[in-house]
Amino acid sequence: MGTADEIACDSTYEHLLMLWTSGVRDYHTMLSDYLTAHSIFVAVIGLIVSREALPLSFTVLIVLLCAFGVLMCLQMAIVLGRLSGQNALWEWRLRSVEQAPDWQKPKLITSLYQLHETRQSLEDPRNVPPVFLPNWAFRQHRQWWAHRAVSFPWFFGSVYGVFFVWAATQVIRLIAGGSP
């Protein structure tokens, strides 16, 4: 049996690990939900646009869908950014527990950090192969476009922006009495 400090450290580590893993799961669930919602919005807008002659009501509907889509992009960026930051905090705390002088268990989160952030290879002479090298995805991880909380809102926001500009010009033409 370990000392009271070791038991407290193990308990803290387990709780932080649970928070981190559920946070990662929540992040991916939210990302999937947002991607589904954006895909539905863009598909509906695309179906409406594909009609030959759009009445004013459908064109206004496109403008509204685009406005809600942009708001959803902002919400997506905020929520995913918050979850990402929160997960980084749990990971940071886990690494601090692993760096304690009396920590004797494998340093899983520290190893993950080495791969992701510093792109250092991991060594374990008992394993085959004895060296685990970070692959291409680990090397690209820190690029801005690899952060889904940034790249997906920008992508969908751009799509909504193009549809919004198109629909707004159509509304102006229809109101001014011109042909669509």
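Any value given below was found using the heavy atoms of this structure, including those in side chains, with hydrogens, waters and symmetry copies removed.
- Within the 4.5 Å cutoff, no side-chain heavy atoms of Lys107 are placed close to those of Arg95.
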side-chain contact (heavy atoms from CB on, under 4.5 Å) evaluation trace for Arg25 with Thr21:
CA-CA 6 Å; Arg25 181 195 63 233; Thr21 54; over 6 Å; no
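- Of all non-hydrogen atoms in Ala168 and Val63, the two that sit nearest each other are N-CG2, 4.1 Å.
- Of all heavy-atom pairs spanning Phe132 and Leu115, the tightest one is CE2-CD1, 3.6 Å.
- Side chain of Glu98 to main chain of Ile109: a donor-acceptor pair is present (N/O by atom type, distance under 3.5 Å, no hydrogens or angles).
- Hydrophobic clustering (side-chain heavy atoms under 4.5 Å, transitive across Ile, Leu, Val, Met, Phe, Trp, Tyr) groups Leu80 together with Val70.
- Hydrophobic clustering keeps Phe155 apart from Val162 (ILVMFWY residues linked when any side-chain heavy atoms are closer than 4.5 Å, directly or through intermediates).
- In summary, of the residues considered (Leu47, Val159, Leu65), a side chain to side chain contact (heavy atoms under 4.5 Å, CB included) with Val42 occurs for Val159 alone.
- With rounding to the nearest 0.5 Å, the separation of OH in Tyr13 from CG in Leu108 is 5.0 Å.
- The distance from the NE2 atom of His116 to the CD atom of Glu91 is 7.5 Å, given to the nearest 0.5 Å.
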Phe68/Phe41 under side-chain contact (heavy atoms from CB on, under 4.5 Å): CA gap, chis, key distance, verdict
CA-CA 9 Å; Phe68 283 121; Phe41 265 58; 3.8 Å; yes
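- Closest approach of Val171 and Thr59 over heavy atoms only: CG2-CG2, 3.3 Å.
- To the nearest 0.5 Å, atoms CG (Leu35) and CE (Met76) are separated by 4.5 Å.
- What you find for Val24 and Asn87 is that their closest heavy atoms are N-ND2, 3.5 Å.
- Between Tyr160 and His38, the angle of the ring planes lies from 30° to 60°, which puts this pair in the tilted group.
- A donor-acceptor pair under 3.5 Å links the side-chain atoms of Asp124 to the main chain of Arg126, judged by distance alone.
- Heavy-atom minimum distance, Pro55 versus Ala53: CD-O, 3.5 Å.
- With Ser84 contributing its side chain and Gly81 its backbone, the two residues share no donor-acceptor pair below 3.5 Å.
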What verdict does the side-chain contact (heavy atoms from CB on, under 4.5 Å) test give for Tyr27 and Gln86, after you've listed the backbone C-alpha separation in whole Å, the side-chain angles of each residue and the deciding distance to 0.1 Å?
CA-CA 10 Å; Tyr27 177 88; Gln86 186 174 298; over 6 Å; no
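- Clustering ILVMFWY residues whenever any of their side-chain heavy atoms sit less than 4.5 angstrom apart, transitively, puts Leu133 in a cluster other than the one holding Leu122.
- Trp92 and Tyr113 fall into different hydrophobic clusters, where Ile, Leu, Val, Met, Phe, Trp and Tyr residues are linked whenever their side-chain heavy atoms come under 4.5 Å apart, directly or through other members.
- To the nearest 0.5 Å, atom CZ of residue Phe156 and atom OG of residue Ser39 are 4.5 Å apart.
- Separating the CG atom in Leu71 from the SG atom in Cys66 is a distance of 11.5 Å, to the nearest 0.5 Å.
- The main-chain N or O of His28 is never found under 3.5 Å from a side-chain atom of Ser32 such that the two would form a donor-acceptor pair.
- Trp20 contributes no side-chain N or O that, together with a main-chain N or O of Ser22, makes up a donor-acceptor pair within less than 3.5 Å.
- Between Leu16 and Val97, the shortest heavy-atom contact is CD1-CG2, 4.2 Å.
- Hydrophobic clustering, with ILVMFWY side chains joined whenever heavy atoms are under 4.5 angstrom apart, groups Val79 together with Ile40.
- Summarising the geometry, atom CG belonging to Leu56 is positioned 10.5 Å from atom CD belonging to Gln170; distances are rounded to the nearest 0.5 Å.
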